[in-house]
Amino acid sequence: MPPTTAVSASSSFTLLRVPSSSSTKLKPTTTYIQIPNRFFPKHPTFKMTTTTIRAAVSIEKETPETERPPTFLRESDDKESSSSSASSVRARFEKMIRDAQDSVCQAIEKTDGGGKFKEDVWSRPGGGGGISRVLQDGAIWEKAGVNVSVVYGVMPPEAYRAAKAAASDEKPGPIPFFAAGISSVLHPKNPFAPTLHFNYRYFETDAPKDTPGAPRQWWFGGGTDLTPAYIFEEDVKHFHSTQKSACDKFDPTFYPRFKKWCDDYFYIKHRGERRGLGGLFFDDLNDYDQEMLLSFATECANSVIPAYIPIIEKRKDTPFTDQHKAWQQLRRGRYVEFNLVYDRGTTFGLKTGGRIESILVSLPLTARWEYDHNPKEGSEEWKLLDACINPKEWI
């Protein structure tokens, strides 16, 4: 069953185009959308299963652009935000992720001292687009990618009726949605300098205010996590302390809650270990004030540079051996395994035919697999693996 083009690598749906020759019981030549029931976490019937719903989904092909536009928002959204006393959440979130992309890329280039980001800009005729930036084979970073996207798509109305406590007799048409996000993975060359990943995203339905049977929904998701090959406790404590400081400005329960969520999410099931040493992860977050969560996501994105760059400055010139490099490459192999097998954004994009260069920008240039490799107990390599198997409280 070949997949269609992805509507969004940051959304949570799987689209499948069923060919007429398929033996499936689903109706041929129809686009289907699989919706993980975590999308409605508060609804008792949407906890453990996945629902497949027939829907007409319009997908537009990306168009390369030569210049960055002032905004990727549709003209109607842009007018709404400029005419209101306070800009829309959509416009402010787009501004936040584009500002974060600029500041992170500037910090990476300054620290690297030689590498420069290659930029690709793309758009869609009906609105939306993105900016992909990649620095490759720099002085410090082997590969650094920082992408932003603004995406419009269509959701089936059955999903929204299912979210209500009682079934509605009203049957509206397909419901438009909006998704925007920033995603980045930074892979240094030195095995004593850690890899960093961060991603922040916002999702919102676009149903008219009083559309029967289709309530408006919105949520935030994201996080920042650290993946070293060797443990320097002072570095890991600095990283987690910065994450905790960002959380504590809004809710003291955020850090312990999102730290555990991060440890659970970045779990490589077939290995029985985590990808790295954690950080923050949250998804489907809409049970707080929207303005507060926008500020929280902004604070988290702004904490990336102070959490990470000081560690890189400290470790980028540390002498290393071929053995250290080989261990780093083995851990990079684990990174590849998680991203290609379990990561929601990556697997969604691969299954649905998204922009492949943007989807795979998270993968390192080089990685290594050895048969039945086990580090010697008590070694520095063993300590890292132990921490990945048994998550620790670093602060």
Side-chain angles (χ1 to χ4, degrees), residues 3-13 15 57-78 81 88-106 108-109 116-136 143-154 176-186 197-204 206 219-223 297-298 301 304 339 343-363:
T4 66
T5 301
V7 292
S8 169
S10 62
S11 62
S12 305
F13 323 116
L15 303 178
V57 182
S58 176
I59 306 297
E60 294 180 318
K61 182 69 177 174
E62 297 91 355
T63 302
E65 300 289 349
T66 57
E67 296 182 354
R68 298 190 299 270
T71 179
F72 287 108
L73 295 179
R74 288 173 174 168
E75 186 176 353
S76 57
D77 285 349
D78 198 27
S81 65
S88 71
V89 173
R90 294 184 184 190
R92 284 181 288 154
F93 192 84
E94 185 199 16
K95 182 179 186 306
M96 185 275 281
I97 60 177
R98 293 183 65 170
D99 287 348
Q101 184 185 44
D102 288 343
S103 62
V104 169
C105 289
Q106 289 167 9
I108 295 298
E109 287 187 348
K116 297 293 181 182
F117 279 91
K118 168 183 167 55
E119 179 178 277
D120 289 327
V121 182
W122 53 274
S123 67
R124 288 198 175 103
I131 303 171
S132 297
R133 292 181 186 166
V134 179
L135 182 154
Q136 202 161 273
K143 188 178 181 185
V146 190
N147 299 338
V148 297
S149 63
V150 173
V151 181
Y152 294 85
V154 177
F177 74 85
F178 168 89
I182 180 170
S183 182
S184 175
V185 179
L186 311 172
H197 160 261
F198 71 91
N199 171 283
Y200 293 96
R201 54 196 177 275
Y202 174 68
F203 180 98
E204 182 182 296
D206 198 23
W219 55 262
F220 290 86
T298 302
V304 168
N339 280 31
D343 184 71
R344 292 171 186 164
T346 303
T347 55
F348 174 83
L350 291 176
K351 289 177 181 178
T352 56
R355 188 175 185 272
I356 195 67
E357 295 301 327
S358 296
I359 296 166
L360 297 183
V361 76
S362 65
L363 301 184

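As the structure is a computational prediction, the values presented were derived from the model and not from experiment. The analysis underlying the following values was restricted to heavy atoms, covering all of them including side chains, and did not include hydrogens, waters or symmetry mates.
Contact annotation: the side chain of Val121 never approaches that of Glu67 to less than 4.5 Å [non-hydrogen atoms, C-beta and beyond]. For the pair Val150 and Phe178, the minimum side-chain heavy-atom distance is below 4.5 Å. Contact check for Cys105 versus Phe117: side-chain heavy atoms found under the 4.5 Å cut-off.
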- Query: Do Phe72 and Val151 pass the side-chain contact (heavy atoms from CB on, under 4.5 Å) test, and can you show the C-alpha distance, the side-chain angles, and the key distance before you say yes or no?
  - Reply: CA-CA 9 Å; Phe72 287 108; Val151 181; over 6 Å; no
- Query: side-chain contact (heavy atoms from CB on, under 4.5 Å) between Thr63 and Arg124: does it pass, once the steps are laid out?
  - Reply: CA-CA 6 Å; Thr63 302; Arg124 288 198 175 103; over 6 Å; no
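Nearest heavy-atom pair across Gly127 and Arg74 is CA-CG, 3.8 Å. Considering every non-hydrogen atom in both Val146 and Gln101, the closest pair reads O-NE2, 2.9 Å. In plain terms, the two heavy atoms of Ile182 and Phe198 that are nearest each other are CD1-CE1, 3.8 Å. For the residue pair Tyr152 and Arg90, the shortest heavy atom distance occurs at CE2-NH1, 3.9 Å. Scanning all heavy atoms of the two residues, the minimum distance from Ala144 to Leu186 falls at CB-CD2, 3.5 Å. Closest non-hydrogen pair, Met96 versus Ala301, comes out as SD-CB, 3.8 Å.
Applying the 6.0 Å contact sphere to CD of Glu119 captures more than 12 heavy atoms from other residues, nucleotides or ligands.
Under 3.5 Å, the side chains of Asp120 and Ser132 contain no donor-acceptor pair of N or O atoms. With no hydrogens or angles considered, a side-chain donor-acceptor pair links Glu94 and Thr71 at under 3.5 Å.
By the 30° and 60° cut-offs, the orientation of the rings of Phe203 relative to Trp219 is parallel.
Between Asp102 and Arg68 there is no salt bridge, since none of the side-chain N atoms of the basic residue sits less than 4.0 Å from a carboxylate O of the acidic one.
With rounding to the nearest 0.5 angstrom, the CZ atom of Phe93 is 6.5 Å from the CZ atom of Phe220. Distance OG/Ser123 to CD1/Ile131: 11.0 Å, rounded to 0.5 Å. Distance check: Leu360 CG to Asn339 CG gives 9.5 Å after rounding to the nearest 0.5 Å. The distance from the NZ atom of Lys118 to the CZ atom of Arg133 is 13.0 Å, given to the nearest 0.5 Å. The CZ atom of Arg201 lies 11.0 Å from the OG atom of Ser149; values are rounded to the nearest 0.5 Å. Rounded to the nearest 0.5 angstrom, Ser358 OG and Asn147 CG are separated by 5.0 Å.
Using modelled atom types, no side-chain atom of Thr346 and backbone atom of Asp343 make a donor-acceptor pair closer than 3.5 Å.
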